[in-house]
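What follows is a set of notes on a single structure, which appears directly below.
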Amino acid sequence: MTNNSMFIEQEAKNFDDDGRPKRTGTFVTASAHIITAVIGSGVLSLAWAIAQLGWVAGPAVLMAFSFITYFTSTLLADCYRSPDPITGRRNYTYMDVVRAHLGGIKVQLCGIAQYGNLIGVTIGYTITSSISMVHGHQAKCSISNYPFMIIFATIQIILSQIPNFHKLSWLSILAAIMSFAYSSIGLGLSIAKVAGVGHARTSLTGVTVGVDVSASEKVWRSFQAIGDIAFAYAYSTVLIEIQDTLRSHPPESKVMKKASLMGVSTTTLFYVLCGCVGYAAFGNKAPGNFLTGFGFYEPFWLIDFANVCIAVHLIGAYQVFCQPIFGFVETHCCNRWPENKLITREHAINLPFLGVYHINFFRLVWRTVYVIVTAVIAMIFPFFNDFLGLIGAASFYPLTVYFPIEMHIAQSKMPKYSFTWIWLKILTWACLIVSLVAAAGSIQGLATDLKTYKPFQTQD
């Protein structure tokens, strides 16, 4: 064998069948990505959500969203390749998947829903991380969140230079560990509170009309709680991008389904425990964020450590959700202006202890601007609970339910009006109603906050 042929053979081993760099993702890395995306700041509002819905509806809604999310994620995983889920051609993004199976205007609608959601999530994580940083035991209520948003944005400017999703595994694993840490701390402190002072006032139907809230507040808060729970399970926006990191063997769809089962079942366990035990600890007065809403005061060091874990987790989660945005814009620009050296040229830089890093000036400037813009928007729009509910409600139906089901129907060539077709359509319409109800609750909450909010003043 000649040296030239050996070189060609070695190069072939470094690339997949589609000519892209060899994918090395596994069940472990995919599970870490999913857990990082799913166990987010939504877990912090679950005690409040259960308090609005009560012991009957609260856990039932949690389990329902858990099942729906896992079921539709398996459908979406099968659509990564087309037309066959095992041997078909790869689709690299959610929009590519919709283009391959549905086409038409639905591709653009998917892009608007997906990237609008991703942008909203990154703004929300900037807000939540700054709240976690500012609310230590010694923090005064008059301390502004803005300096902490700037700190968070500075860290993200550095991390945003990670080239793509394939290089994020270490950050996702760290973030997943942090999410387990602060969820466990919240759960442990809730159990300690229940054991110490007994159950707070709870009920089968949640907050009581005439005692805790008015009749209209009960309705709106229930709607908002449904949105918060929907957001707590949202990861379909990045599922295809995660699947695109997996190695070819075993088949990506099979590994992704196992990772989805692991991720969703693990987070559901934590959600039910944190939500239900948190409700038992605080009752109908459960705060919207049971770690940073001054739900606990002691032990002070443990609360501070939990808030550090939240901040570190959200730093990683921010990258998981913004990498698809970066990839979309950069791929579009490379295809639009392939001769532009500013966009396409990579410059090798030797970094001490890190080896060679390839810097691209367009990537450096565009990603930095994106982080700065999201931080500025977060400063102008610092609402936590209502913001979470609105994002969840707006994205849950199209991205988690509608597109996966429609693509499954198209891929499997399912007969119209068959039994399976009918119940899938019923599920689709039921989730649309849930999303509209949750969006209404969140919009009402935002409207209420806007009446009393004064921008660029210190936040509690």
Side-chain angles (χ1 to χ4, degrees), residues 31-50 62 121-122 124-139 145 148-149 151-152 155-156 159 170-194 228-229 231-235 262-282 286-321 384-385 387-388:
S31 298
H33 285 316
I34 292 171
I35 291 171
T36 299
V38 177
I39 299 188
S41 51
V43 70
L44 304 175
S45 66
L46 289 181
W48 179 88
I50 298 294
L62 266 175
V121 169
T122 54
Y125 280 1
T126 303
I127 297 168
T128 310
S129 183
S130 68
I131 293 173
S132 298
M133 292 177 185
V134 77
H135 279 298
H137 166 54
Q138 301 296 333
N145 292 352
F148 296 93
M149 290 186 183
I151 292 172
F152 181 83
I155 295 171
Q156 293 301 342
L159 291 177
W170 66 272
L171 188 58
S172 282
I173 291 172
L174 175 63
I177 293 171
M178 293 296 103
S179 67
F180 285 132
Y182 70 72
S183 298
S184 299
I185 290 171
L187 176 61
L189 291 174
S190 296
I191 293 173
K193 184 175 175 64
V194 172
D228 284 359
I229 294 173
F231 172 79
Y233 280 108
Y235 77 98
M262 171 62 74
V264 173
S265 59
T266 302
T267 53
T268 299
L269 176 62
F270 269 87
Y271 283 179
V272 171
L273 289 174
C274 288
C276 293
V277 177
Y279 181 41
F282 295 106
N289 185 333
F290 79 155
L291 280 179
T292 60
F294 297 102
F296 298 108
Y297 290 97
E298 298 182 11
F300 308 128
W301 66 268
L302 192 57
I303 301 302
D304 289 341
F305 176 71
N307 283 320
V308 170
C309 290
I310 294 172
V312 173
H313 168 252
L314 293 179
I315 286 170
Y318 183 101
Q319 286 299 314
V320 169
F321 282 100
F384 179 59
N385 252 14
F387 196 66
L388 289 181

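Computation of the quantities below employed the complete heavy-atom set of this structure, encompassing side-chain atoms and omitting hydrogens, waters and symmetry-equivalent molecules. All residue numbers refer to positions in the sequence shown, counting from 1.
In terms of heavy atoms, A306 sits closest to Y182 at O-CB, 3.6 Å. Across all non-hydrogen atoms, the minimal contact from A32 to A176 is O-CB, 4.2 Å. The heavy-atom pair separating A286 from A47 by the smallest distance is CB-O, 3.7 Å. When all heavy atoms are compared, the tightest approach of A281 to S190 is CB-O, 3.7 Å. Closest non-hydrogen pair, S172 versus H33, comes out as OG-ND1, 2.6 Å.
Remark: D304 CG to C309 SG distance equals 11.0 Å, nearest 0.5 Å. Interatomic distance, N307 CG to L302 CG, rounded to the nearest 0.5 Å: 10.0 Å. One finds the CD1 atom of I35 at 6.5 Å from the OG atom of S179 (value rounded to the nearest 0.5 Å).
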* Show your working on side-chain contact (heavy atoms from CB on, under 4.5 Å) between L62 and I50 and close with a plain yes or no. => CA-CA 9 Å; L62 266 175; I50 298 294; 3.9 Å; yes

* Could you check T267 against Y235 for side-chain contact (heavy atoms from CB on, under 4.5 Å), going step by step and ending with a plain yes or no? => CA-CA 12 Å; T267 53; Y235 77 98; over 6 Å; no

* To do: Apply ring pair (Phe, Tyr, Trp, His ring centres under 6.0 Å) to the pair F270 and F180, showing each step before the final yes or no.
  => CA-CA 8 Å; F270 269 87; F180 285 132; 5.1 Å; yes

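Partners of S31 by side-chain contact (heavy atoms from CB on, under 4.5 Å), not counting sequence neighbours, listed by chain and number: F27, A259, M262. The side-chain contact (heavy atoms from CB on, under 4.5 Å) check on A311 picks up S129, M133, with sequence neighbours excluded. With sequence neighbours excluded, the residues satisfying side-chain contact (heavy atoms from CB on, under 4.5 Å) with T268 are M63, S66, Y233, V264, V272. Applying the side-chain contact (heavy atoms from CB on, under 4.5 Å) criterion to L159, with sequence neighbours excluded, gives I155, Q156, I162, W170, L171, I315, Q319. When the side chain to side chain donor-acceptor pair (under 3.5 Å) test is applied to Y318, the partners found at least two apart in sequence or on another chain are T374. For the side chain to side chain donor-acceptor pair (under 3.5 Å) test, residues two or more places apart in sequence or in another chain that qualify with T122 are Y370.
Using cut-offs of 30° and 60° for the angle between ring planes, the Y125 and F321 rings count as perpendicular.
Within the 4.5 Å cutoff, no side-chain heavy atoms of I173 are placed close to those of T36.
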